[in-house]
Structures are given as structure tokens and as C-alpha cells.
Amino acid sequence: MTILLVMSLINACWNIFSASMSLIMKPSMTAMYKNGQFEEILQPFSAMGGEFAKAMNEAMQVFSQIDSKFYIILLVLFIASLIGVIRMFKGDKRGFHIYSLAQICMLINSSVFVYPLQKPSPFLSDLMLTAIFILLYYLYFKRMEMIENMQKPE
């Protein structure tokens with residue numbers, strides 16, 4: 001359980017940083033992409049086979065189309081997820097509910113802003129990963145509840 005919580009903690013912290021940077025850099029990166037400056041930056045990579053440059057160009061195209069609201073919502077949801085993980089570290093079952101709700105809202109947020117822009121959409125893999133973590137946390141807290149009930153004197 002500790003490993004899962006540490007992984008969730010790292011994920012939340014990394015994505016809080018990532019969403020913050022994306023929000024800050026989005027206007028200038030979108031302008032670079034639309035002005036053709038991004039293609040100039042990728043020019044040296046084109047000589048090495050071009051697959052990296054092509055993938056980066058496609059990623060930047062998607063990035064430039066994503067509404068900034070996505071990153072604001074994502075930032076708030078990852079902060080909520082972090083709060084949930086910290087509470088779960090302390091054994092608080094409410095942390096599980098906060099974490100689960102935040103993760104489900106992240107899927108909805110991505111479904112509205114990002115998945116329609118990506119082909120193929122990573123929705124199923126994101127859904128499976130979210131479901132696995134929520135299920136494992138649920139089973140852990142259910143087990144802890146059973147142990148507590150067994151230890152109570154009647």
C-alpha cells in the first residue's frame with residue numbers, strides 16, 4: 001500500500017508542476033508553433049530520421065489546440081488528489097474519497113478537452129489505470145475496516 005501511495009504522491013506532485021508549467025508556457029509555445037518557429041527548432045532532428053520531429057510536431061499541434069481551462073482544472077484536481085493521498089497516508093478514509101473523485105474528474109476533464117484531439121485516444125488506458133488504483137485503495141480500506149471490526153470487543 002505504501003508503494004501505491006508513494007507512486008500517487010509522486011504522480012500528483014509531478015503533474016502539479018507539469019500543469020503549472022503548461023499553463024505558464026502555453027501562450028508562448030502556441031505562438032511559436034503558429035509562427036513556424038517550432039519547426040525551425042526541430043529542423044536538426046529531421047536529419048536524424050524525422051520520426052522524433054514528426055512526433056513532436058504532432059504533440060505541439062495538439063498542445064496548441066488545448067484550451068487553457070484544461071490546465072487550470074487539471075491543476076486544481078491534482079492538488080485535490082495530493083490532499084487525498086496525504087490523508088490516505090494518515091489512514092483517513094475520506095482521503096480515498098477525495099482522491100477517487102479527483103481522478104474521475106480528471107478523466108472527464110481530459111474527455112472534454114484532450115481526448116477528442118488525440119488519435120488514437122488514450123482514454124481506455126487512462127481509465128484502466130485510474131480504475132486499478134481506485135480499486136486497490138478501496139480494497140485496502142475495506143480490509144482495514146474488516147480488521148478494525150474484528151478487533152472490537154462485542
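It should be emphasised that the depicted structure is a prediction, and the values quoted were computed from it without experimental measurement. Count residues from 1 along the sequence.
Hydrophobic clustering of Ile, Leu, Val, Met, Phe, Trp and Tyr side chains at less than 4.5 Å, counting indirect connections, keeps Leu135 apart from Leu127. Val85 and Val76 fall into different hydrophobic clusters, where Ile, Leu, Val, Met, Phe, Trp and Tyr are joined by side-chain heavy atoms under 4.5 Å apart, directly or via other members. A continuous path of ILVMFWY side-chain contacts below 4.5 Å connects Ile73 to Ile83, so both sit in one hydrophobic cluster. Hydrophobic clustering (ILVMFWY, side-chain heavy atoms < 4.5 Å, transitive): Ile72 and Ile79 are in one cluster. Grouping the Ile, Leu, Val, Met, Phe, Trp and Tyr side chains by contacts below 4.5 angstrom, directly or via other members, places Met56 with Phe63.
Atom CG in Leu23 sits 11.0 Å away from atom CZ in Phe70 (nearest 0.5 Å). The CG atom of Leu77 lies 12.5 Å from the CG atom of Leu82; values are rounded to the nearest 0.5 Å. One finds the CG atom of Leu9 at 8.5 Å from the CG atom of Leu5 (value rounded to the nearest 0.5 Å). Distance check, rounded to the nearest 0.5 Å: CG of Leu129 to CD1 of Ile134 gives 10.0 Å. Here CE of Met146 is found 9.0 Å from CZ of Arg143. Values are rounded to the nearest 0.5 Å. With rounding to the nearest 0.5 angstrom, the CZ atom of Arg87 is 10.5 Å from the NE2 atom of His97.
Met25 CE: 12 or fewer foreign heavy atoms inside a 6.0 Å radius. Other residues, nucleotides and ligands contribute over 12 non-hydrogen atoms within 6.0 Å of the CD1 atom of Ile147. Within a 6.0 Å radius of NZ in Lys69, no more than 12 heavy atoms belonging to other residues, nucleotides or ligands are found.
Taking both residues in full, the closest heavy atoms of Ser111 and Pro116 are given as O-CD, 3.3 Å, listed atom of the first, atom of the second, then distance. Across all their heavy atoms, Ala80 and Ile98 have their closest contact at O-CG2, 3.2 Å. Across every non-hydrogen atom of Ala12 and Ser81, the tightest pair is CB-OG, 4.5 Å. In terms of heavy atoms, Ser68 sits closest to Lys26 at OG-CD, 3.6 Å. Residues Phe113 and Leu117 share a closest heavy-atom pair of O-CD1, 3.5 Å.
Taking the six-membered ring where the residue is Trp, Tyr115 and Phe123 present perpendicular rings, their angle passing 60° and hence far from 30°. In this structure, Tyr137 and Tyr99 have perpendicular ring planes: the angle between them is above 60°, well past the 30° mark.
Formation of a donor-acceptor pair under 3.5 Å by the Ser18 side chain with backbone atoms of Trp14 is not found in this model. Ser64 places a side-chain N or O within 3.5 Å of a backbone atom of Gln61 that can act as its donor or acceptor partner.
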Query - Worked check of side chain to side chain contact (heavy atoms under 4.5 Å, CB included) between Gln103 and Leu107 - result: CA-CA 7 Å; Gln103 294 299 313; Leu107 283 173; over 6 Å; no
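Between Leu74 and Asn109 the shortest side-chain heavy-atom distance falls below 4.5 Å. Contact check for Met88 versus Tyr140: no side-chain heavy atoms found under the 4.5 Å cut-off.
Taking the charged nitrogens against the carboxylate oxygens, Arg94 and Asp92 do have a contact shorter than 4.0 Å, which makes a salt bridge.
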